[in-house]
Amino acid sequence: MNLSILIPLLNEEESLKELYSWIIKVMQSNNYSYEIIFVDDGSTDNSWNIIESFSNENPNVKGIRFMKNFGKSQALHAGFAKAQGDVIITMDADLQDSPDEIPGLYEMITAQKYDLVSGWKKKRYDSVVAKNLPSKLFNWAARKTSGVELNDFNCGLKAYKNVVVKNIEVSGEMHRYIPVLAKNAGFGKIGEKVVIHQARKYGETKFGMERFINGFLDLITIWFLSRFGKRPMHLFGAMGSLMFIIGFLAAGYIGISKLYHMYNGMKYSLVTNNPWFYIALTTMILGTQLFLAGFLGEIILRTKSNEARYKVAREVNF
């Protein structure tokens with residue numbers, strides 16, 4: 001199979017029929033063998049009924065319905081697990097991603113041998129203050145932190161080799177950083193393609209300004225996991241040891257200073273009146289806690305179980 005088109009969605013009943021017809025037109029004009037996987041992330045409108053009607057008329061259309069809204073990352077994870085195509089294309093259901101971009105993305109994966117190609121919506125039709133400027137700042141921070149040179153991490157239109165999606169774990173809100181996850185998994189050939197961004201035709205965006213705050217927090221998380229996710233003791237143990245050594249040296253300084261003053265008959269104060277006493281006490285406590293955090297992290301890492309991050313209510317055509 002050439003292509004798996006993966007579309008996570010939430011309450012997009014107005015755009016689904018137009019999107020479906022558009023994708024089918026592109027598939028037929030290029031003679032692709034394909035499957036379209038809709039992942040309904042707990043929609044409360046008529047989206048699932050529309051998906052079922054597509055699947056009844058076209059066996060290449062498949063659907064997964066979550067019991068409630070679990071988030072885009074979980075929807076992508078579920079779709080990645082089911083995808084069978086040599087190339088997987090992800091796109092949003094709001095018609096802001098153009099299916100006409102699919103052949104170009106497919107060619108970059110198959111002919112140019114990229115592992116992953118991310119869309120870049122260079123010209124956007126979103127609000128400059130509410131979305132464009134925060135997005136530019138977010139993308140700049142993501143580039144500097146991750147080392148992945150992409151201009152648009154948030155673009156939902158991406159193409160992957162099948163082997164890539166089968167070897168990455170997308171959880172939490174990490175869908176923004178799939179290229180970083182792929183890089184950390186050993187897939188180094190990551191490209192970018194300028195794609196058309198269309199103004200939203202129906203409904204309202206499901207993401208507000210909080211996505212940028214969450215995005216920066218997730219960026220810190222993925223930075224930590226990429227460096228210390230498999231060895232938390234290397235960070236917390238080192239920090240704890242350093243803090244403990246500082247506290248130990250400060251305590252030693254207090255003791256030696258007092259003994260020196262006593263031996264020479266010089267005036268000396270109580271240990272508790274010396275500010276270094278509190279520095280020593282605080283740093284030794286912090287050092288012990290950090291060391292224990294690293295130790296507990298190692299134990300959790302070795303004993304954790306992979307719990308299901310979402311619940312599937314129904315599936316069609318699988």
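If you read the sequence from its start, that first residue is 1, and numbering goes on from there.
Every residue two or more places apart in sequence or in another chain that forms a salt bridge (charged side-chain N to carboxylate O under 4.0 Å, His left out) with Lys82 is listed here: Glu315. Applying the salt bridge (charged side-chain N to carboxylate O under 4.0 Å, His left out) test to Lys161 and every residue at least two apart in sequence or in another chain returns Asp115. Qualifying side chain to side chain contact (heavy atoms under 4.5 Å, CB included) partners for Asn31, counting only residues two or more places apart in sequence or in other chains: none. In terms of the side chain to side chain donor-acceptor pair (under 3.5 Å) criterion, Asn274 has no residue partners (sequence neighbours excluded). Scanning for salt bridge (charged side-chain N to carboxylate O under 4.0 Å, His left out) contacts around Glu101 gives Lys193, with sequence neighbours left out.
Listed for the Thr90 side chain is no donor-acceptor partner under 3.5 Å among the backbone atoms of Leu6. One N or O on the side chain of Ser29 and one on the backbone of Val26 form a donor-acceptor pair closer than 3.5 Å. At least one donor-acceptor pair under 3.5 Å links the side chain of Asn2 to the backbone N or O of Ser33. Asn167 contributes a side-chain N or O that, together with a main-chain N or O of Val163, makes up a donor-acceptor pair within less than 3.5 Å. At least one donor-acceptor pair under 3.5 Å links the side chain of Glu35 to the backbone N or O of Gln84. Asp94 contributes a side-chain N or O that, together with a main-chain N or O of Gln96, makes up a donor-acceptor pair within less than 3.5 Å. Using a distance-only test at 3.5 Å, with no hydrogens or angles considered, a donor-acceptor pair links the side chain of Lys113 to the main chain of Thr110. Listed for the Ser73 side chain is no donor-acceptor partner under 3.5 Å among the backbone atoms of Val170.
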Open item on the list: Let's go through Asp100 and Trp22 carefully: what are the C-alpha distance in whole Å and the side-chain angles of both, what is the deciding distance for side chain to side chain contact (heavy atoms under 4.5 Å, CB included) to 0.1 Å, and is it a yes or a no?
Closed with: CA-CA 8 Å; Asp100 289 334; Trp22 196 351; 3.1 Å; yes
TODO: Please assess Val316 against Trp48 for the test side chain to side chain contact (heavy atoms under 4.5 Å, CB included), listing each intermediate value before the final yes or no.
DONE: CA-CA 10 Å; Val316 291; Trp48 180 251; 4.0 Å; yes
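A 6.0 Å sphere centred on CE of Met1 holds more than 12 heavy atoms belonging to other residues, nucleotides or ligands. Heavy atoms from other residues, nucleotides or ligands lying under 6.0 Å from NZ of Lys166 number more than 12. The local environment of CZ in Phe54 is crowded, with over 12 non-hydrogen atoms from other residues, nucleotides or ligands closer than 6.0 Å. When the shell of 6.0 Å around OH of Tyr263 is examined, it contains 12 or fewer heavy atoms from other residues, nucleotides or ligands. Within 6.0 Å of OH in Tyr253 there are 12 or fewer heavy atoms belonging to other residues, nucleotides or ligands.
Between Tyr310 and Phe70, the ring planes lie perpendicular to each other; the angle is over 60°, past the 30° to 60° tilted range.
No side-chain heavy atom of Leu296 sits less than 4.5 Å from a side-chain heavy atom of Phe236. Residues Asp97 and Lys121 are in side-chain contact: their nearest non-hydrogen atoms beyond the backbone lie under 4.5 Å apart. Side-chain contact between Ile178 and Leu116 is present, with heavy atoms from C-beta onward closer than 4.5 Å. In this structure, the side chains of Cys155 and Trp120 stay at 4.5 Å or more apart for every pair of heavy atoms.
A donor-acceptor contact under 3.5 angstrom links the side chains of Asp41 and Asn69, judged on distance only. In summary, the side chains of Tyr20 and Asn58 do present a donor paired with an acceptor at a separation below 3.5 Å, with no hydrogens or angles considered.
Here the CG atom belonging to Leu9 is positioned 8.5 Å from the CG atom belonging to Asp45, to the nearest 0.5 angstrom. Ile88 CD1 to Leu76 CG: the interatomic distance, rounded to the nearest 0.5 Å, is 11.5 Å.
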Show the atom names and distances, to 0.1 Å, of all donor-acceptor pairs under 3.5 Å that link a side chain in residues 185-192 to residues at least two apart or in another chain.
unit_1	atom_1	unit_2	atom_2	d
Lys189	NZ	Gln112	O	2.8
Glu192	OE1	Asn151	ND2	2.9
Glu192	OE2	Asn151	N	2.6
Glu192	OE2	Asp152	N	3.4

